[in-house]
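Structure, as structure tokens:
To find a chain, count down the sequence lines: A is the first, B the second, and so on, and within it residues start at 1. These values consider heavy atoms only, across backbone and side chains, with no hydrogens, waters or symmetry-generated copies.
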2 protein chains.
Amino acid sequence: MARRLEVALERKAIVAAAFEVLAEHGLDGLNMRKLAARLSVQAPALYWHIGDKAELLGLMADFIYVEARAAVPACAGWREWLLAFGRALRHSLVSRRDGARICATARPGKASDPADRARAIAAPLVALGLDQPRALSFQASVISLTLGWSSYQENGPMHDFLGDMLDFDTSFELGLQALVRGYSAASLPGSTSACPAI
Amino acid sequence: MARRLEVALERKAIVAAAFEVLAEHGLDGLNMRKLAARLSVQAPALYWHIGDKAELLGLMADFIYVEARAAVPACAGWREWLLAFGRALRHSLVSRRDGARICATARPGKASDPADRARAIAAPLVALGLDQPRALSFQASVISLTLGWSSYQENGPMHDFLGDMLDFDTSFELGLQALVRGYSAASLPGSTSACPAI
DNA sequence: ACCTGAACACCGTTCAAGT
DNA sequence: ACCTGAACACCGTTCAAGT
């Protein structure tokens, strides 16, 4: 059982090392040999712990999402949660090199049970009163918007191009609030006036 | 001058051939040798016409955006235009293999003048009453949302995972409408009631 | 169970040489 | 001006062999 823990630790160490290589060399410079070297090991050794490079990228993306979700404070309602999650995810993406590119590229890892995974992802929003389909749908939209704006910012030419005309933080925040406000209006129809609950 | 036209044609032919290879082999199977073979040429010949593979991907992304914008009908207002553009872009992305991945990966090409390019991109929205920063910002958000939802759909594992729980078309449409509705509320402040400036 | 050494297939790109 | 032939450096991955 101590053995089992060590293996789990090795996987974490690989992901951690991958983020270090990423910070130094960017996604294009992140290859299996450099990653292995940082772990004082030969490249083929990695394949004992992970299936392939795509899986590694998936683990890195997972790490970013988990980090973002952990940074979301307790919220009074699902609107607040969506806003806080969007901001937290954006922070997690922008604060590391090529973060958005990694998350945009990565395929989700093989979950034991997809239904369980969906439940876990939807959980915080369901706890705040949303049904599960809406929880997944709204969250997926927030992720899209956040990933997109983070990509614009980290993408060199795009950054230079858009950066002259507008502020990324402000534009992202404007979009995020618009999206959540729009969902809010759609999901709470008859209650009062034009602006029931934001 | 006949010469000049031929070169321009070759570039178009390369992009067209690239889309054919893409349709057959996907983005991971799109490489310079296969592309060259389809044009009955050797791989190094391509480098006479394009700088590198990244530029090719950029041209492919441009093609998709141009196609989408050309598909937007005349609109009565900027909200309608944003909705129509989002739907058109989604169609352009989903109707070809790995379309979203291409657009998410690609860096914008070197424009002669970035300010000109920005003006051109913003033009249809500016014509409908939006100022240029808002035109760029709103459009960028719509692109983010559309790219994201199209990615979810293309991405095998993600498709299987989300596809059980919700319908991609419906969820995308819901998000797009929410976003535009939210922008609408933010951009028409003093009109009526309680929701001045969120 | 976990790692090394050596190798394979493949890929983007360069460049001298042709026409 | 435009293309070929040959090559280079690099990369993900495999696999037999070690311990």
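Rounded to an integer number of Å, the gap from Ile14(B) CD1 to dC3(D) C1' is 12 Å. Here the P atom of nucleotide dC11(D) and the CG atom of Asp28(B) are 18 Å apart, to the nearest Å. Remark: C1' of dC2(C) and CZ of Arg11(A) are 15 Å apart, rounded to the nearest angstrom. Going from atom CZ of Arg33(B) over to atom C1' of dA7(D) covers 10 Å, rounded to whole Å. In this structure, the CE atom of Met32(A) is 23 Å from the P atom of dA9(D), given to the nearest Å. Put simply, CG on Leu27(B) is 14 Å from C1' on dC11(C), counting in whole angstrom units.
To the nearest 0.5 Å, the span separating CG on Leu82(A) from CG on Leu176(A) amounts to 8.0 Å.
For Leu128(A), the side chain to side chain contact (heavy atoms under 4.5 Å, CB included) criterion is met by Cys75(A), Trp78(A), Trp81(A), not counting sequence neighbours. Shown here are the side chain to side chain contact (heavy atoms under 4.5 Å, CB included) partners of Asp116(A), two or more places apart in sequence or in another chain: Asp113(A), Arg119(A). Applying the side chain to side chain contact (heavy atoms under 4.5 Å, CB included) rule to Ser171(B) yields the partners Ser137(A), Trp149(B), Leu166(B); only residues at least two apart in sequence or on another chain are considered. Contacts of Asp62(A) classified as side chain to side chain donor-acceptor pair (under 3.5 Å), with partners at least two apart in sequence or in another chain: none. Partners of Phe168(B) by ring-ring contact (aromatic ring centres under 6.0 Å, His included), not counting sequence neighbours, listed by chain and number: His159(B). Take Arg97(A) and apply the salt bridge (charged side-chain N to carboxylate O under 4.0 Å, His left out) test, not counting sequence neighbours, and it matches no residue. When the side chain to side chain contact (heavy atoms under 4.5 Å, CB included) test is applied to Leu59(B), the partners found at least two apart in sequence or on another chain are Arg11(B), Val15(B), Ile50(B).
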Output the pairing pattern of DNA chain C as a dot-bracket string, 5' first, Watson-Crick or G-U wobble with both distances under 3.5 Å, | for cross-strand pairs, [ ] for crossing pairs. ||.|||||...|||||.||
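DNA chain C lies under 4.0 Å from at least one heavy atom of each of the following residues of residues 34-50 of chain B: Pro44(B), Tyr47(B).
Nearest nucleotide to the Asp52(A) side chain, out of dT13(C), dC11(D), dT13(D): dT13(D).
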